[in-house]
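This structure is a prediction, so every number in the text was calculated from the model and none was measured. Letters A, B, ... mirror the listed sequences (proteins, then strands); counts begin at 1. These values consider heavy atoms only, across backbone and side chains, with no hydrogens, waters or symmetry-generated copies.
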2 protein chains.
Amino acid sequence: MRRDVFQAIADPTRRQIISLLANASLPVNAVAHNFEMTRPAISKHLRILLDCGLVTIRKEGRERYCTVVLSELAEVGKWVSQYQHFWSDFQEPYISRRIPLKRRKEDL
Amino acid sequence: MRRDVFQAIADPTRRQIISLLANASLPVNAVAHNFEMTRPAISKHLRILLDCGLVTIRKEGRERYCTVVLSELAEVGKWVSQYQHFWSDFQEPYISRRIPLKRRKEDL
DNA sequence: TCATGAGGTAACCGTTTGGTTACGAAAATA
DNA sequence: TATTTTCGTAACCAAACGGTTACCTCATGA
C-alpha cells in the first residue's frame, strides 16, 4: 500500500468523506449513512484517511468520532499551486496577454 | 478505468512526468530516459495523462512530442483551495486564534 | 444479566494498477 | 532497399483496490 495524501484523495468517496467531515466531526456510522455502501467499506476508507493523517479518531463511549485534519491537504495545495498561474486570473491577468510589451512600458 | 485528474496525479511517476514536461515538451523516449523503468511503462502513464487531458501529443516525424496542459490541474486546485484557510497563514492569521471574540468586538 | 448497537477486521472476490517482455508499424538513415 | 529508431500496444503477471459477508469485541441500556 502506498498511502500518501495524493492517493488518498484519488478516490471520490474519500473526497466526499473529507467534505462531509469538514462541516462536523461524525461517528463512523453517521459517516456511513451518507453513502450507499456498507459500513466496512467506509471503515476501510477511513482507515486509509487515518493512515495518511487526514483524519483523527476520538473514542467517545462506544462511538468513534472522526475529525478531518484539513491541514494535511497543504502538500497537495503546494504542489498544484506551483502551476497555478497557468489557469488563475489572479496570477496571470487578462491585460498582460492583450497589450504588447512595448506598449506596457509606456503605461508605467 | 476511472481516469480523472485526481486519479492521474495519484501516481508519483505521473507527477514527476508533469513536472518534467512543465519545463519543456519532450518526445516519449526523452521522457522515459528520466525514469528507471521501461518505455512501455512510461507510455502507459502518458496514455493516462492523455486520456484525462493533462497532456497533448504532437506528432513530428517519427517522434511524439508530449506537452503538459497544466490548466487541467485547476479542478484539483479548486477543490483543495476550499480548505486552504486551514493551513494558509494568509487566510487564518495567528492573532485570530489568540484573541477571544469579546475582545475582538472592542477592536473593531 | 442479557440483548442491542457501534465499530474493527478477516476472508473472500472481481477489477484495476503498474510493471514487464515481445512484437509490429512507420519514419529516418545508411 | 535494408536497417535502425521511435513508438504503440498486446499479452501477461503480481499486487493493490474497493467492495462484500461474517464474525468478533466492547459499551450501553432494558
Side-chain angles (χ1 to χ4, degrees), chain A residues 1-21 24-69 72 76 79, chain B residues 1-21 24-69 72 76 79:
Chain A
M1 338 159 182
R2 211 166 47 238
R3 211 139 293 193
D4 58 286
V5 186
F6 286 93
Q7 190 260 349
I9 64 165
D11 186 87
T13 301
R14 285 195 290 268
R15 286 200 300 279
Q16 281 183 253
I17 291 176
I18 290 171
S19 303
L20 187 65
L21 294 177
S25 296
L26 292 175
V28 175
N29 265 338
V31 174
H33 283 136
N34 285 271
F35 297 91
E36 288 188 339
M37 62 182 74
T38 60
R39 182 186 47 77
I42 296 297
S43 225
K44 281 189 172 190
H45 284 304
L46 286 171
R47 185 68 222 250
I48 290 170
L49 294 171
L50 181 66
D51 281 356
C52 69
L54 264 165
V55 309
T56 56
I57 297 186
R58 173 180 87 253
K59 203 173 160 183
E60 199 159 310
R62 60 182 162 186
E63 290 171 320
R64 267 84 170 174
Y65 277 81
C66 306
T67 305
V68 68
V69 184
E72 285 298 307
V76 180
W79 189 78
Chain B
M1 336 160 184
R2 208 165 52 237
R3 212 139 291 192
D4 58 286
V5 187
F6 287 93
Q7 190 260 348
I9 65 164
D11 186 88
T13 301
R14 286 194 290 269
R15 287 199 300 278
Q16 280 184 254
I17 291 176
I18 290 170
S19 303
L20 188 64
L21 295 177
S25 296
L26 292 174
V28 176
N29 264 339
V31 174
H33 283 136
N34 285 273
F35 297 90
E36 289 189 339
M37 62 182 73
T38 60
R39 184 187 46 78
I42 296 297
S43 226
K44 281 189 170 189
H45 283 304
L46 286 171
R47 184 70 220 250
I48 290 169
L49 294 171
L50 180 67
D51 282 354
C52 69
L54 264 166
V55 309
T56 55
I57 297 186
R58 173 180 89 253
K59 203 173 160 184
E60 200 159 310
R62 63 183 161 185
E63 289 172 320
R64 267 85 170 172
Y65 276 81
C66 306
T67 305
V68 68
V69 183
E72 286 297 307
V76 181
W79 189 79

Suppose we screen for ring pair (Phe, Tyr, Trp, His ring centres under 6.0 Å). Which residues come up paired with B:F6, at least two apart in sequence or across chains? B:W79
Mind checking side chain to side chain donor-acceptor pair (under 3.5 Å) for B:T67 and listing every partner two or more places apart, or none if nothing turns up? B:S25
Estimate the overall bend of the helix from C:dT1-D:dA30 to C:dA30-D:dT1 from the end axes over five pairs each, rounded to 10 degrees. 10°
Which parts of nucleotides 23-30 of chain D does protein reach within less than 4.0 Å, heavy atoms only, written one letter per nucleotide 5' to 3' as B for base, S for sugar-phosphate only and - for none? ----BB--
A:P40 near the nucleic acid: base, sugar-phosphate alone, or nothing, with a heavy-atom cut-off under 4.0 Å? base
Side chain of B:M37 only, heavy atoms from C-beta on: which candidate in C:dT20, C:dG18, D:dT9 is closest? C:dT20
Sorted by chain and residue number, the salt bridge (charged side-chain N to carboxylate O under 4.0 Å, His left out) partners of B:R47 (sequence neighbours excluded) come out as B:D51
Quick one: list whatever passes salt bridge (charged side-chain N to carboxylate O under 4.0 Å, His left out) with B:E60, sequence neighbours left out. B:R58
Could you list the residues that satisfy side chain to side chain donor-acceptor pair (under 3.5 Å) with B:T38, not counting sequence neighbours? none
Heavy atoms from C-beta onward define the side chain here; which of D:dC17, C:dA6, D:dG18 lies closest to that of A:Q7? D:dC17
Sequence neighbours excluded, which residues qualify as side chain to side chain donor-acceptor pair (under 3.5 Å) partners of B:R14? B:H45
Name the closest nucleotide to the B:T38 side chain, picking from D:dC7, C:dG7, C:dT21. C:dT21
Let me have the donor-acceptor pairs involving side chains of residues 29-36 of chain A, under 3.5 Å, with sequence neighbours excluded, atom names and distances please.
from  : atom 1 : to    : atom 2 : distance (Å)
A:H33 : ND1    : A:N29 : O      : 3.2
A:N34 : ND2    : A:A30 : O      : 2.8

